[in-house]
Amino acid sequence: MLVINKGQTKYWYLTLTEKASAASYVFTFTHRQTETVVTRTLTDVSAHTERYNQFQFIEGTTATLLEGEHEYSVSTSGGVLCETGLLKVQKSFTENEYTPSLTEKIYTI
């Protein structure tokens, strides 16, 4: 499963050349609840395409995806299906740390 936060830049490493080799691949994302379909063509930026394929995905710039789970498929521009799977888009969040104020009272008898 691929995971990305809203507004995040992510590099995905896939092994697509086992099925077919291409300079760019067509990614299709289908939201599992709303069935909204987003299709983008991404260029393989890997230095070692014989070993793996690397893609840079910037959520909000490359494509804007709805929060939740998406089914994705990757194919060549010629239509050869290379991979299918799940993508989870999460809300971008910052962690808040709670630091309590400590006041101690000492009573003596």
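None of these values were measured; they are calculated from a predicted model.
Side-chain atoms of Lys6 do not come within 3.5 Å of backbone N or O of Thr64 as any donor-acceptor pair. Side-chain atoms of Asp44 do not come within 3.5 Å of backbone N or O of Ser24 as any donor-acceptor pair. His31 places a side-chain N or O within 3.5 Å of a backbone atom of Glu67 that can act as its donor or acceptor partner.
Gln33 contributes atom CD, which lies 10.0 Å from atom NE2 of His70 (distance to the nearest 0.5 angstrom). In this structure, CG in Asn5 is found 10.0 Å from NZ in Lys88, a value given to the nearest 0.5 Å. Leu66 contributes atom CG, which lies 14.5 Å from atom CZ of Arg32 (distance to the nearest 0.5 angstrom). Distance check, rounded to the nearest 0.5 Å: CZ of Phe27 to CD of Glu83 gives 8.0 Å. Here the straight-line distance linking atom CG of Leu14 with atom CG of Leu2 works out to 6.0 Å at 0.5 Å rounding. The OG1 atom of Thr17 sits 10.0 Å away from atom CZ of Arg51, with the distance rounded to the nearest 0.5 Å.
In this structure, Leu65 and Glu59 approach most closely via the heavy-atom pair N-OE2, 2.8 Å. The minimum heavy-atom distance linking Leu87 with Val3 is given by the pair CD1-N, 4.2 Å. Phe57 and Leu42 get closest at one heavy-atom pair: CD1-CD1, 4.1 Å. Scanning all heavy atoms of the two residues, the minimum distance from Thr62 to Arg40 falls at O-NE, 2.9 Å. Closest of all the heavy-atom pairs between Ile4 and Lys10 is CD1-CB, 3.7 Å.
Here Phe55 and Tyr25 bring their ring centres to under 6.0 angstrom of each other.
Counting heavy-atom neighbours within 6.0 Å of Glu35 CD, excluding the residue itself, gives a total of 12 or less.
Note on ring orientation: taking the six-membered ring where Trp is involved, the planes of Tyr52 and His48 are tilted (angle from 30° to 60°).
Counting heavy atoms from C-beta on, the side chains of Ser73 and Leu81 come closer than 4.5 Å. At a threshold of 4.5 Å between non-hydrogen side-chain atoms, the residues Gln90 and Gln8 do not count as touching.
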